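Computed from a prediction, not measured in an experiment: that's the story for all the values here. Both backbone and side-chain heavy atoms feed into the values below; hydrogens, waters and symmetry mates do not. Nothing fancy with the numbering, it's 1 onward along the sequence.
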Amino acid sequence: MSEMLANQYFISERYFEALEEYSKLTPERINDPIIKMKIIICAALNKNFEKALSLLKEIPVDENSSYYGLKLLKEIYLCEKMLEQLEKRKNPNSENDEAKRMLMAILSRFTDRKKSLEYFNGLKSSGYSDIVNDFLCSIKEIKQTTI
């Protein structure tokens, strides 16, 4: 029941409620690629960047993994649209700008990994430096162990 409700909230762009419902799912359901991606998106849009990055660390580095298969095409398209909207917004407030860049770094991880790393590298000395640096170290370690 929670998954259906969470998906309904997600579709209707009620990301806070969706995140609450997704958090009630079993670990097996949360490990489903589509559910995990939706949780990451919801967490990022709610500025729960720590949760989003902790789940993002678990995503396989291999570009041919199921995270890049056709079954996620709709979610990847959603990320692309959100990124387009974020790029159009001008934000004079530096704190909000950092949050916007963090959101863009997370969302672009699903669409353009090189661009995502550029955003993350630009946030190394921001207010999010602790979680960004931890994330960057963890994905480097994962990449090295998979080679």
Side-chain angles (χ1 to χ4, degrees), residues 1-87 95-147:
M1 183 68 167
S2 289
E3 185 174 342
M4 287 179 13
L5 184 57
N7 287 332
Q8 187 61 42
Y9 285 144
F10 187 86
I11 291 167
S12 60
E13 299 180 5
R14 294 170 58 187
Y15 300 110
F16 181 78
E17 292 97 334
L19 185 59
E20 286 181 337
E21 291 301 317
Y22 284 129
S23 69
K24 297 176 185 176
L25 299 178
T26 64
E28 293 81 26
R29 288 304 303 144
I30 289 174
N31 281 327
D32 176 87
I34 294 173
I35 300 297
K36 188 175 285 187
M37 186 175 185
K38 288 179 179 180
I39 293 170
I40 292 168
I41 292 168
C42 289
L45 290 169
N46 283 295
K47 296 184 181 177
N48 188 343
F49 299 128
E50 197 164 342
K51 181 174 186 72
L53 291 180
S54 73
L55 290 172
L56 203 54
K57 287 179 196 178
E58 299 172 10
I59 293 180
V61 179
D62 180 13
E63 299 281 333
N64 297 318
S65 72
S66 63
Y67 277 89
Y68 296 92
L70 287 177
K71 66 181 186 175
L72 291 179
L73 203 52
K74 186 171 42 173
E75 285 76 15
I76 292 171
Y77 178 75
L78 174 66
C79 289
E80 289 172 346
K81 286 296 174 196
M82 287 180 184
L83 284 165
E84 282 178 26
Q85 292 172 349
L86 287 167
E87 288 172 352
E95 183 180 318
N96 284 337
D97 187 52
E98 283 183 357
K100 176 182 145 183
R101 287 185 291 138
M102 179 65 104
L103 179 57
M104 292 174 76
I106 293 168
L107 294 177
S108 63
R109 189 80 179 141
F110 297 109
T111 62
D112 183 344
R113 285 178 177 253
K114 185 177 179 182
K115 186 78 167 172
S116 175
L117 286 176
E118 289 175 17
Y119 285 125
F120 279 122
N121 284 323
L123 290 162
K124 282 182 174 180
S125 59
S126 70
Y128 300 110
S129 62
D130 291 345
I131 59 174
V132 167
N133 291 325
D134 179 54
F135 174 74
L136 290 172
C137 286
S138 72
I139 62 171
K140 286 178 187 173
E141 288 173 16
I142 291 170
K143 192 175 245 183
Q144 289 174 354
T145 58
T146 58
I147 295 176

For Glu20, salt bridge (Lys or Arg N to Asp or Glu O under 4.0 Å) partners two or more places apart
none

Just to verify, what does Asp112 make a salt bridge (Lys or Arg N to Asp or Glu O under 4.0 Å) with, not counting sequence neighbours?
none

For Tyr22, the ring-ring contact (aromatic ring centres under 6.0 Å, His included) test, sequence neighbours excluded, returns none

Gln85: what forms a side-chain hydrogen bond (donor to acceptor under 3.5 Å, both in side chains) with it, not counting sequence neighbours?
none

Determine, stepwise, if the pair Arg109 / Leu117 fulfils side-chain contact (heavy atoms from CB on, under 4.5 Å).
CA-CA 8 Å; Arg109 189 80 179 141; Leu117 286 176; 4.2 Å; yes

For Gln8, check side chain to side chain contact (heavy atoms under 4.5 Å, CB included) against everything at least two apart and list the hits.
none

In Å, rounded to the nearest 0.5 Å, how long is the span from SG of Cys42 to CD of Glu13?
10.5 Å

Interatomic distance, CG@Leu5 vs CZ@Arg14, rounded to 0.5 Å, equals 8.0 Å

What's the verdict on side-chain contact (heavy atoms from CB on, under 4.5 Å) for Asp134 and Leu53, showing C-alpha distance, side-chain angles and the deciding distance?
CA-CA 9 Å; Asp134 179 54; Leu53 291 180; over 6 Å; no

Going by the rule side-chain hydrogen bond (donor to acceptor under 3.5 Å, both in side chains), which residues pair with Ser125 if we only count those two or more places apart in sequence or in a different chain?
none

Could you measure the distance from the CD1 atom of Ile39 to the CG atom of Asn48? Nearest 0.5 Å is fine.
11.5 Å

Please enumerate all residues that pass salt bridge (Lys or Arg N to Asp or Glu O under 4.0 Å) together with Lys47, with sequence neighbours excluded.
none

Derivation and outcome, ring pair (Phe, Tyr, Trp, His ring centres under 6.0 Å), residues Tyr9 and Tyr15:
CA-CA 6 Å; Tyr9 285 144; Tyr15 300 110; over 10 Å; no

Going by the rule salt bridge (Lys or Arg N to Asp or Glu O under 4.0 Å), which residues pair with Lys124 if we only count those two or more places apart in sequence or in a different chain?
none

Measure the shortest side-chain to side-chain distance between Ile40 and Lys51 over non-hydrogen atoms and say whether it is less than 4.5 angstrom.
no

Under the side chain to side chain contact (heavy atoms under 4.5 Å, CB included) test, which residues partner Arg29, sequence neighbours left out?
Glu3, Leu25, Thr26, Asp32, Ile35

Applying side-chain hydrogen bond (donor to acceptor under 3.5 Å, both in side chains) to Lys24 and not counting sequence neighbours gives Glu21

Mind listing the closest non-hydrogen atom pair of Ala18 and Ala6 along with its distance?
CB-O, 3.6 Å

Hey, does Met82 have a side-chain heavy atom less than 4.5 Å from the side chain of Leu103?
no

I'd like to check Thr111 versus Ser108 (side-chain heavy atoms, cut-off strictly below 4.5 Å). Are they in contact?
yes

CD/Glu80: more than 12 non-hydrogen atoms of other groups inside 6.0 Å:
yes

Does anything in residues 28-55 form a ring pair (Phe, Tyr, Trp, His ring centres under 6.0 Å)? List the pairs, not counting sequence neighbours.
Phe49-Tyr128

Using every non-hydrogen atom in the two residues, find where Leu55 and Lys36 come nearest and quote the distance to one decimal.
O-CD, 4.0 Å

Please name all residues satisfying side chain to side chain contact (heavy atoms under 4.5 Å, CB included) with Ala105, sequence neighbours left out, ordered by chain then number.
Tyr119, Phe120, Leu123

Is Met102 close to Ile131 at the side-chain level, that is, under 4.5 Å between some pair of heavy atoms?
yes

